[in-house]
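The chain is numbered in sequence order, starting from 1. Whatever order the structure lists ligands and atoms in, that order sets their numbers, starting from 1.
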Amino acid sequence: MPLTDKFGRPITDLRISITDRCNYRCVYCRTGNEGALYGDLPFEDYLHMARVLVGMGVTKIRLTGGEPLLRRGVVEFVRELAQLRPQGLKPASFSIGNGAAESRALSKPNFAASFDSGEPLDIALTTNGHLLADLAQPLKAAGLTRVTVSMDAVDPDRFARITRVANGYDHVLAGIRAARRAGLWPLKVNCVLMRGFNEDQIIPFGMFAREEGVTVRFIEFMPLEEGRTWSPTTVVTLDEILARMAEYRPLVEIPHARSETARRYRFDDGVGEIGIIAPVSHPFCGHCSRIRITSDGKIRTCLFSVWDHDLHAQMRRGASDEELEDFIRGVIQKKEERHHIGEPDFVPASRTMVHIGG
Ligand code: SAM
């Protein structure tokens, strides 16, 4: 059976945080501490979890953190993940090389049987890009499909003030260019906009998208920060971003799949693409296909969950893969219908973004 939650949403997209350490201390994310709070697991354990979940219908894995490129062995881990093959689902009446099963044809399709689809797993990475320049090519060779680099200003001084790291900008730009050379494509650059910090970077990012040939995606700031500085007025909304960018050049919306989180636009002359991820002003929870595994092996069914589910504890007690599957199916049924950002009954998530994995 496909992995589906109680609202009928297929769960195909897994994010694994492989560390909650980070070498950046972005003002909108962290209070400035250095250390990991929850720690991480050996790669074999993440691989085991990924294998079980891919066997249950996950087709896309994104590695995140913390900063995932801080983990030694990440290239080898990607190579191991790339051996996994997503499962296709076929009617139980279908068989290979044996007509007997076909004769059991059912009046209704029965997608009970899964098989190796032969398709490669989609393996993506979200990184701050600081260490990407040297790792882009080895990661691509190991089987990484795509990379998203987080970058919140195109002005180097502003970048340093946001990340609280001197000279980071040059490293990140070198990382973006190395990823492009390595063929990690499509290459996305994510920018979280926060009022008072970087909303003046909207047009410069439009220029950057055109010059560097990357898709720049603006993300609305969500209440997931360590410092609890979020308020509705700190959010630079989709409408505001569009209005500002239109002062630079007209935009044309690109049709997008309902399951895509980003609204996509190209400039009127066809050069450059931007996207806007607007979970606050235009929530997309109804199409959410994601679950997350934290660096310490807990499943989170929503960024805004107030609890998590200890998959690693099940593994430690020696659960079989079938038992892990049962546990995961039970957890998926608890996936929240939607977030409650900005509503009077909003309860902050039990972890902040750096300890979940964005
Ligand atoms: N270190 C990696 C990076 O910088 O991409 C991966 C982890 S980071 C937590 C993942 C993404 O979450 C980044 O793009 C970051 O900008 C974004 N992010 C962090 N806090 C956020 C918040 N409160 N609202 C929206 N996005 C946030």
Side-chain angles (χ1 to χ4, degrees), residues 15-32 34 36-38 40 61-71 74 124-132 135 139 146-153 159 162-165 168-169 171-172 175-176 179 184 187-195 197-199 201 205 214-232 234-238 241 261-262 275-281 283-284 290 292-295 300 302-304 339 341-342 346 348-349 351-358:
R15 299 189 164 212
I16 306 178
S17 170
I18 58 174
T19 178
D20 63 342
R21 279 182 295 138
C22 192
N23 47 349
Y24 279 15
R25 291 174 292 133
C26 300
V27 285
Y28 62 85
C29 185
R30 313 199 36 213
T31 49
E34 304 288 345
L37 259 189
Y38 297 91
D40 46 44
I61 295 183
R62 179 173 291 276
L63 303 183
T64 179
E67 173 45 44
L69 297 187
L70 287 177
R71 271 300 291 265
V74 63
L125 171 81
T126 300
T127 171
N128 61 30
H130 193 87
L131 301 171
L132 187 58
L135 286 168
L139 284 166
R146 292 178 296 123
V147 70
T148 300
V149 179
S150 306
M151 186 179 174
D152 301 313
F159 185 86
I162 293 174
T163 56
R164 294 185 277 200
V165 167
Y169 185 84
H171 288 274
V172 175
I176 289 171
L184 287 165
L187 182 51
K188 291 175 186 155
V189 171
N190 278 359
C191 165
V192 176
L193 287 173
M194 190 181 168
R195 197 174 308 288
F197 281 91
N198 60 350
E199 73 267 44
Q201 297 289 292
F205 264 118
V214 298
T215 301
V216 172
R217 302 193 313 173
F218 299 101
I219 305 177
E220 288 179 347
F221 179 42
M222 293 179 278
L224 285 165
E225 73 290 8
E226 287 185 343
R228 301 291 182 214
T229 49
W230 188 93
S231 79
T234 57
V235 181
V236 183
T237 62
L238 177 139
I241 299 165
T261 52
I276 305 178
I277 301 175
V280 181
S281 68
F284 38 82
R290 295 176 186 174
R292 291 174 162 80
I293 292 179
T294 61
S295 60
R300 288 185 70 91
C302 174
L303 274 175
F304 292 93
H339 70 61
I341 300 175
F346 177 75
R351 291 191 187 201
T352 55
M353 187 68 123
V354 68
H355 304 297
I356 298 171

Identify the closest protein heavy atom to [atom]: which residue and atom is it, and at what distance?
atom                    : result
atom 24 (N) of ligand 1 : Met222 N, 3.0 Å
atom 16 (O) of ligand 1 : Tyr28 OH, 2.6 Å
atom 8 (S) of ligand 1  : Gly65 O, 4.4 Å
atom 9 (C) of ligand 1  : Met353 CG, 3.6 Å
atom 17 (C) of ligand 1 : Val192 CG2, 4.0 Å
atom 14 (O) of ligand 1 : Ser150 OG, 2.7 Å

Pair Thr148-Arg217, side-chain donor/acceptor within less than 3.5 Å: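 Result is no, nothing qualifies.
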Arg62 and Thr126 side chains, donor-acceptor separation under 3.5 Å: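 A donor-acceptor contact under 3.5 Å links the two side chains.
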Side chain to side chain donor-acceptor pair (under 3.5 Å) partner of Glu67, chosen from Thr19, Thr127, Asn23: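 Going through the options one by one, the only one that passes is Thr127.
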Side-chain heavy-atom pair Leu132, Ile176 within 4.5 angstrom cut-off: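 Sidechains of Ile176 and Leu132: no contact.
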Minimum side-chain heavy-atom gap Val236-Asn198 below 4.5 Å: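 No, side chains not in contact.
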Minimum-distance pair of heavy atoms, taken over all atoms of His339 and Pro279: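 Looking at all heavy atoms of both residues, the shortest contact is NE2-O, 2.8 Å.
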Shortest non-hydrogen separation from Met151 to Phe205 and the atoms involved: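 Minimum heavy-atom contact is O-CZ, 3.2 Å.
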Of the backbone atoms (N, CA, C, O) and the side-chain heavy atoms from C-beta on, which set of [X] has a member under 4.0 Å from an atom of ligand 1: side chain, backbone, both, or neither?
X      : answer
Thr127 : backbone
Thr126 : both
Asn128 : both

Contact (N/O only, under 3.5 Å) between Glu67 and ligand 1: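 In this structure, Glu67 places an N or O atom under 3.5 Å from an N or O of ligand 1.
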So if I count the atoms of ligand 1 from 1 in the order they appear, which ones are less than 4.0 Å from some heavy atom of [X]?
X      : value
Phe221 : 22 (C), 23 (N), 24 (N)
Thr64  : 6 (C), 7 (C)
Glu220 : 25 (C)

Test item, Gly66 contacting ligand 1 (heavy atom, 4.0 angstrom):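 Judged by the 4.0 Å heavy-atom criterion, Gly66 does count as contacting ligand 1.
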Chi angles and distances behind the side-chain contact (heavy atoms from CB on, under 4.5 Å) call for Tyr28, Phe221: CA-CA 8 Å; Tyr28 62 85; Phe221 179 42; 3.8 Å; yes
Side-chain (Gln201) to main-chain (Ala153) donor-acceptor, under 3.5 angstrom: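 No, the answer is negative, given that no donor and acceptor are paired below the 3.5 Å cut-off.
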